[in-house]
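Ligands are counted one by one from 1 in listed order, and the atoms in each one are counted from 1 as well.
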Amino acid sequence: GCHGHLHRLRLHRLALERLIPALLSHGFCYVDGLLGDLAGSAVLDQVVEMHRSGQLQDGRLAGSIPGVSRKSIRGDQIAWVSGSERGCEAISFLLNLIDRLISVCASRLGDKAIRERSKAMVACYPGNGAGYVKHVDNPNHDGRRLTCIYYLNKNWNPKEHGGVLRIFPEGKLYVADIKPLFDRLLIFWSDRRNPHEVQPSYSTRYAITVWYFDSEERAQAKKRFRDLTAVTKFRAMACAPCRYHGAH
Ligand SMILES: Cc1cc(NC(=O)CCC(=O)O)nc(C)c1Br
Ligand SMILES: [Fe+3]
């Protein structure tokens with residue numbers, strides 16, 4: 001209908017006039033009022049219900065660091081959703097809208113191959129002062145090209161609640177402090193161009209993140225991982241005889 005038509009035109013204009021120029025010049029961009037209050041609140045309600053019903057668990061770390069508590073590195077509680085789960089209909093609507101927005105961008109960002117994305121990571125920082133230490137989402141070519149974070153926090157006051165996402169754009173003299181405001185979509189290159197941190201949060205802070213892959217880079221990363229596993233397998237096999245004859 002006409003509403004949908006407006007949406008499509010609006011998304012095209014948003015992508016062409018705001019997102020693409022910003023991503024190409026600054027490497028990041030945010031848009032406010034993406035869904036509007038009604039649909040944005042529906043997404044928030046579904047995330048709050050997931051939190052209330054205990055579906056958000058402590059975020060895992062790749063490999064534990066002895067003596068360092070996980071919470072001191074990342075204090076978020078997360079759940080991965082595809083959007084087809086019961087109670088995720090509004091989240092699914094959000095993901096579909098971001099997909100359409102990114103599909104307009106992808107063909108104009110020089111990266112022809114953005115065709116797939118991760119599941120959505122619903123995250124909550126419980127407000128106990130936890131944050132997320134400075135890091136790069138994709139430091140070693142794992143395929144992730146764009147990070148898209150949709151924030152859900154009404155009446156967020158960083159002076160009181162903290163929780164600012166600080167981006168340290170590579171090679172720039174400034175940092176970008178992004179408030180995690182309700183119905184705000186932030187998009188940035190996932191690689192070393194955008195180290196970022198979440199400053200300690202003193203109120204419950206909700207966000208939904210999806211990562212869009214460069215298909216070629218993703219395929220290479222998967223292949224490397226398979227080969228790595230093959231090498232590990234080979235090493236194990238090669239040592240089997242030694243185990244019997246005590247060589248080494
Ligand atoms: C799972 C995971 C989450 C995040 N999240 C943030 O950086 C927080 C962004 C925000 O909430 O403002 N980053 C990485 C590299 C991984 Br992996
Ligand atoms: Fe991150």
Under 4.0 Å, heavy atoms only, figure out whether ligand 1 is touched by the backbone of I149, its side chain, both or neither.
side chain
In terms of heavy-atom contacts, does CZ of R13 have more than 12 from other residues, nucleotides or ligands at under 6.0 Å?
no
Residues R218, D214: salt bridge by 4.0 Å N-O rule
no
Residue-ligand contact Y150/ligand 1, heavy atom below 4.0 Å:
no
Looking at ligand 1, does any of its N/O atoms fall within less than 3.5 Å of an N/O of H196?
yes
Is there a donor-acceptor contact under 3.5 Å linking the side chains of Q55 and E49?
no
Short side-chain donor-acceptor distance under 3.5 Å, N140 and R192
yes
Which atom, among the N/O/S set of D137, is closest to the Fe ion (ligand 2)?
OD1
Between R144 and D137, does any side-chain N to carboxylate O distance fall below 4.0 Å?
no
Please confirm whether R205 comes under 4.0 Å of ligand 1, counting heavy atoms of the residue only.
yes
Under 30°, 30 to 60°, or over 60°: which ring-plane class applies to H135 and H196, parallel, tilted or perpendicular?
perpendicular
As an exercise, identify every atom of ligand 1 less than 4.0 angstrom from a heavy atom of Y125.
8 (C), 11 (O)
Are any of the N/O atoms on H135, whether in the backbone or the side chain, positioned under 3.5 angstrom from an N/O atom of ligand 1?
yes
So that I can tick it off, tell me whether R145 and E217 are bridged by a salt bridge, with the cut-off set at under 4.0 angstrom between side-chain N and carboxylate O.
yes
Any side-chain donor-acceptor pair under 3.5 Å between Y151 and D183?
no
Can you tell which part of W80 has a heavy atom less than 4.0 Å from ligand 1: side chain, backbone, both or neither?
neither
Atoms of ligand 1 close to Y151 [distance to a heavy atom under 4.0 angstrom, numbered from 1]
10 (C), 12 (O)
Honestly, for L165 the part within reach of ligand 1 (heavy atoms, under 4.0 Å) is side chain
What atoms in ligand 1 come closer than 4.0 Å to a heavy atom of V198?
8 (C), 9 (C), 10 (C), 11 (O), 12 (O)
